[in-house]
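Input: a single structure, listed below in structure tokens.
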Amino acid sequence: MSKKKVVPRCHECGLGQVRPAARAGRRIRYKTIELEVPKHVEIPTCDQCGAEWMDRATARAIDQALEPRYRESLRALWAEIIQKITAQTSMRRVEQALGLSEGYLSKVTNGRSEPSAELISNLGLIAQDVEPRLREIDGLWRRGGARAGKRMRSEAKGAAGRRRAAAA
Amino acid sequence: MKAKIPHWPLSRVKELVAIGQVFVQRTRALDMFSTQEAAYAAVEETVAGLTARSFAHSTAQTRDVCDVYGVLREGEGWYLKLCVDDDVPEVAIISFHLLERPLRTNGGVIKPKAYPGRGGGQ
């Protein structure tokens, strides 16, 4: 005799039963973006209070359904931001400021590489005020270079002093 | 002071976690994780690592008695409320979120990160 499957009780309200439900309008934050869960995806839901529950399989099903939507959203954002930036400066200028290899931005724009959320967030900030932001980034790298130079000079000075002391 | 004892024995809770019988309520708090699988894994890992020291108190829900724990995850205090449903059987995670106020556990008081005078606990 097969064992009858028990329908879980909702432990949030204590009254309803939790059954798989598929419907539109459910929004979940996936990585960096809040997206709508496709309506065909079943999420165990309380028939009384509407609380949603998940086991490992549900978690995986939600992620698998949201990943293509997430990629699509990143691509749409990318297109919008790149258009804004390239209207004001060259891709190379941006690549240099962000330490990207030559041609990387066009590679992503042409769909030969996937844009990352990190890069999109950097580009999104630059797009708000292109030239001033790029100058700020240039300034940051310049300060980094100046600090490294100062440290090297002080280390060289210390080493020379130690050599003199050893020779004396 | 005498240590408080959870209503649901930790050995039973961990036994169910070990066989994947964990049911997590999907709340906004879980959106703090990058994906649902990451959130689920974090819950499982946290429950698997519970100790008697992290137990805070038991509380009555509409039809269940729930155990509340306070745990530290990467330096941040988290609130976890669970119960066991022996009919299914499974561990039901009713709440899992960053602490909003200090929580006294058997191991000491755990405070939210932004809370003044943070310290103590685990």
Side-chain angles (χ1 to χ4, degrees), chain A residues 3-21 23 25-38 41-46 48-71 73-74 116-118 121, chain B residues 6-8 12-13 16-48 58-69 79-98:
Chain A
K3 203 176 164 187
K4 199 177 161 195
K5 199 170 182 267
V6 178
V7 178
R9 193 164 48 79
C10 178
H11 297 282
E12 173 61 27
C13 66
L15 302 168
Q17 287 193 310
V18 180
R19 299 173 191 279
R23 61 177 175 86
R26 298 164 300 178
R27 297 187 72 82
I28 288 176
R29 187 182 165 97
Y30 181 75
K31 295 182 180 173
T32 52
I33 304 175
E34 193 181 271
L35 298 165
E36 183 166 344
V37 180
V41 176
E42 292 187 328
I43 300 178
T45 306
C46 173
Q48 289 287 319
C49 70
E52 291 176 347
W53 295 81
M54 69 175 181
D55 51 15
R56 185 179 289 284
T58 307
R60 187 169 302 141
I62 295 172
D63 286 351
Q64 280 174 355
L66 292 182
E67 179 63 26
R69 290 190 172 202
Y70 178 70
R71 290 272 140 223
S73 305
L74 286 189
S116 69
E118 293 91 335
S121 51
Chain B
H7 177 82
W8 303 104
R12 176 65 176 146
V13 170
L16 289 167
V17 172
I19 54 168
Q21 288 297 96
V22 184
F23 215 31
V24 183
Q25 191 183 346
R26 247 216 52 73
T27 61
R28 288 263 147 202
L30 292 187
D31 287 351
M32 287 196 71
F33 295 90
S34 72
T35 64
Q36 299 304 297
E37 279 196 278
Y40 189 84
V43 173
E44 264 191 336
E45 186 191 277
T46 304
V47 178
S58 294
T59 177
Q61 200 95 342
T62 316
R63 275 180 60 185
D64 304 291
V65 175
C66 300
D67 287 336
V68 173
Y69 291 85
Y79 176 98
L80 188 138
K81 184 158 81 176
L82 61 79
C83 70
V84 171
D85 186 338
D86 273 318
D87 295 337
V88 179
E90 69 186 7
V91 178
I93 308 297
I94 296 147
S95 300
F96 182 62
H97 56 78
L98 282 168

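Just so it is clear: chains get the letters A, B, ... in the order the sequence lines come, proteins before strands, and each one is counted from 1.
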task: Please look at B:E90 and chain A and tell me whether the side chain, the backbone, both or neither of the residue comes under 4.5 angstrom of a heavy atom of that chain.
output: side chain
- prompt: When heavy-atom pairs shorter than 4.5 Å are enumerated against chain B, which of A:M54, A:E12, A:K31 gives the highest number?
  reply: A:M54
message: Counting only non-hydrogen atoms closer than 4.5 Å, does B:V22 touch chain A with its backbone (N, CA, C, O), its side chain (CB onward), both, or neither?
response: backbone
field: Close side-chain approach of B:H97 to B:T27, heavy-atom, < 4.5 Å
entry: no
query: Quick one: does B:C66's side chain get under 4.5 Å of A:H11's, heavy atoms only?
result: no
- line: Checked B:D31, B:I93, B:T62 vs chain A; the most non-hydrogen pairs under 4.5 Å come from B:D31
- request: Check whether A:V7 gets within reach of chain B through its side chain, its backbone, both or neither, counting any heavy atom under 4.5 Å.
  value: neither
- prompt: Which word best sums up how the rings of B:F23 and A:W53 line up, parallel for under 30°, tilted for 30 to 60°, or perpendicular for over 60°?
  reply: parallel
- prompt: Got a second to check how far A:I62's CD1 is from B:Q36's CD, nearest 0.5 Å?
  reply: 5.0 Å
field: B:R26 side chain reached by A:I28 side chain, heavy atoms, under 4.5 Å
entry: yes
- request: Among B:D85, B:L82, B:V84, B:V88, find the one that has a side chain to side chain contact (heavy atoms under 4.5 Å, CB included) with B:L16.
  value: B:V84
statement: So, the part of A:C13 with a heavy atom under 4.5 Å from chain B: the answer is backbone
- prompt: Heavy-atom distance under 4.5 Å to chain B: side chain of A:E34, backbone, both or neither?
  reply: side chain
- request: Could you check whether the rings of B:F96 and B:F33 sit parallel, tilted or perpendicular, using 30° and 60° as the cut-offs?
  value: parallel
query: Quick one: what part of B:D87 sits under 4.5 Å from any heavy atom of chain A, side chain, backbone, both or neither?
result: both
Top of B:M32, B:Q21, B:Q61, B:K81 for chain A proximity - count of heavy-atom pairs under 4.5 angstrom: B:Q61
- prompt: Where does B:E37 contact chain A at under 4.5 Å (heavy atoms): side chain, backbone, both or neither?
  reply: both
- request: Tell me, for B:L30 versus chain A, whether the close heavy atoms (under 4.5 Å) come from the side chain, the backbone, both or neither.
  value: side chain
query: Does a side-chain heavy-atom distance below 4.5 Å link A:L66 with A:P38?
result: yes
